[in-house]
S.K.: 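Before we start, here is the structure in question, set down as structure tokens.
Throughout, numbering of the chain's residues begins at 1 and tracks the sequence. Note that ligands are numbered from 1 as they come in the structure, with each ligand's atoms numbered from 1 the same way.
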Amino acid sequence: MMQFLRELIAVQGPLAIDRFMSLCLGHPKFGYYMNRDPLGVAGDFTTAPGISQIFGELIGIWCMATWEAIGAPSPFNLVELGPGRGTLMADVLRATSKMAEFSNAARVHLVETSPVLREAQRAKIPGQVTWHDSVESLPQEPMIFIANEFFDALPIRQFVKTSDGVFERHVVLRNNALALADLPAPFEVFGGDGLFEVSPISCAIAETLGAKLQALGGAGLVIDYGYLELASGDTLQAVKAHKPCGVLEYPGTSDLTAHVDFEALAKAFEAGGAEALPPKTQGQFLGEMGLQQRLTTLSAKLLGKERQDFIAGARRLVDDKQMGQLFKVLCVAQSSRQPIYPFEGQ
Ligand code: SAH
């Protein structure tokens, strides 16, 4: 990948950060997600579904309650964006299997670009599953969608505003090595000085989903690390084997992500026509969905170290110092429907 990028920049010139990210993550031959399973202890990072089964179970309960709030459409599409190893969807299906009307009505659709992870999902998720390369091809039917740590993997652009003008961050070649350079941007941006990030591809996906929800009915959850209001600051990060590394250090073999701008994402869903409800922190959301009760019930059946690990996993999802505050949950839905718990009404 390094050699490929050097040659590409030598021929085509500097790469904006979104182009760099999309090549590093999604290039058909060298892209990070194209030829590995990055999740879990042996991989590069761990996500909530791999930390505690309670995460997917509570999301399953949310899906059942929300399905009723949107009028119990039958059939409907149960959609996941970027399902990783399929753990979350498997937990959701197990938790919802007790409600026969829901299970009979649900058709599972997964949006996934990685061939390796599609295989992992096939092995993990029971029943019939349909895969999509993008949200565009999702059927024109009501849906409930879930996106956990999906939007953080989508490319961003970085703009730097100084008293000298506006610049866009690029990857260039310096002494035949990759380096960052801020090159003049052809337009003005609002706001004060600093570095700002935008993710046009995330907004385009949110707008498409928003339009589908509004036209066909449905709701969805976006769960990710990020900020609730546009803030300046560089959040592009690279991780390899659970340790941070330089973003230019291991292109194609390190994971690259950025924090999600929830305000921009909510506006994009609304531009599509759907309603975005005020977001909650992951700690609040899981707490209100009954994490403590579920933890008490399940941990009572365990002993010793197994019990301790189980409790520690669930705590990690909600503790303020761990994932509880940094992760946010955004609910979006068709605008006419019953209130959706726990985001509105009681
Ligand atoms: N939701 C999972 C995995 C998160 S990793 C979990 O919580 O464990 C990001 C996921 O998004 C992976 O499945 C990856 O292959 C997928 N992905 C990344 N970019 C994508 C894109 N542009 N389109 C569809 N899927 C993508």
S.K.: Nearest protein heavy-atom contact for atom 5 (S) of ligand 1: which residue, which atom, what distance?
M.R.: Y33 OH, 3.6 Å
S.K.: Check step by step if ring pair (Phe, Tyr, Trp, His ring centres under 6.0 Å) holds for F159 and F196.
M.R.: CA-CA 5 Å; F159 294 98; F196 297 92; 9.1 Å; no
S.K.: If you take the nearest heavy atom of each of L117, T113, D44, which one is closest to atom 24 (C) of ligand 1?
M.R.: T113
S.K.: Is there a donor-acceptor contact under 3.5 Å linking the side chains of T257 and Y225?
M.R.: yes
S.K.: Report the part of L88 (side chain from C-beta onward, or backbone N, CA, C, O) that has a heavy atom under 4.0 Å from ligand 1; answer both or neither where that applies.
M.R.: neither
S.K.: May I ask you to identify, for L39, whether its side chain, its backbone, both or neither come under 4.0 Å of ligand 1 on a heavy-atom basis?
M.R.: side chain
S.K.: I want to know if ligand 1 touches G82 in the polar sense, i.e. an N/O pair below 3.5 angstrom.
M.R.: yes
S.K.: For ligand 1, find out whether one of its N or O atoms is nearer than 3.5 Å to an N or O atom of T47.
M.R.: yes
S.K.: Please write down residue, atom name and distance for the protein heavy atom closest to atom 22 (N) of ligand 1.
M.R.: L154 CD2, 3.6 Å
S.K.: Any luck finding a side-chain donor-acceptor pair between Q284 and E288 under 3.5 Å?
M.R.: no
S.K.: Of all the atoms in ligand 1, which lie at a distance below 4.0 Å from a heavy atom belonging to P49?
M.R.: 7 (O)
S.K.: Which option, E112, R85, R36, owns the non-hydrogen atom nearest atom 13 (O) of ligand 1?
M.R.: E112
S.K.: What about Q121: any of its N or O atoms under 3.5 Å from an N or O on ligand 1?
M.R.: no
S.K.: Check whether L295 and I61 end up in the same hydrophobic cluster, where Ile, Leu, Val, Met, Phe, Trp and Tyr are linked by side-chain heavy atoms less than 4.5 Å apart.
M.R.: yes
S.K.: Looking at ligand 1, does any of its N/O atoms fall within less than 3.5 Å of an N/O of N148?
M.R.: yes
S.K.: Side-chain heavy atoms under 4.5 angstrom apart, residues restricted to Ile, Leu, Val, Met, Phe, Trp, Tyr: same cluster for Y33 and L23?
M.R.: yes
S.K.: Kindly say whether G287 contributes a backbone atom to a donor-acceptor pair with the side chain of Q292 at under 3.5 angstrom?
M.R.: no
S.K.: Could you tell me whether the side chain of R157 and the main chain of I17 form a donor-acceptor pair under 3.5 Å?
M.R.: no
S.K.: Using distance alone, determine whether G84 and ligand 1 share an N or O pair under 3.5 Å.
M.R.: yes
S.K.: When you look at E197 and Q158, which way does the side chain to side chain donor-acceptor pair (under 3.5 Å) test go after all the steps?
M.R.: CA-CA 5 Å; E197 299 179 336; Q158 293 186 317; 2.9 Å; yes
S.K.: What residue and atom, counting heavy atoms only, is the protein's closest point to atom 4 (C) of ligand 1, and at what distance?
M.R.: E149 O, 3.3 Å
S.K.: Output yes when a side-chain donor or acceptor of E149 lies under 3.5 Å from a complementary backbone atom of T47, and no otherwise.
M.R.: no
S.K.: Give the atoms of ligand 1, by number and element, whose distance to some non-hydrogen atom of S114 is under 4.0 Å.
M.R.: 15 (O)
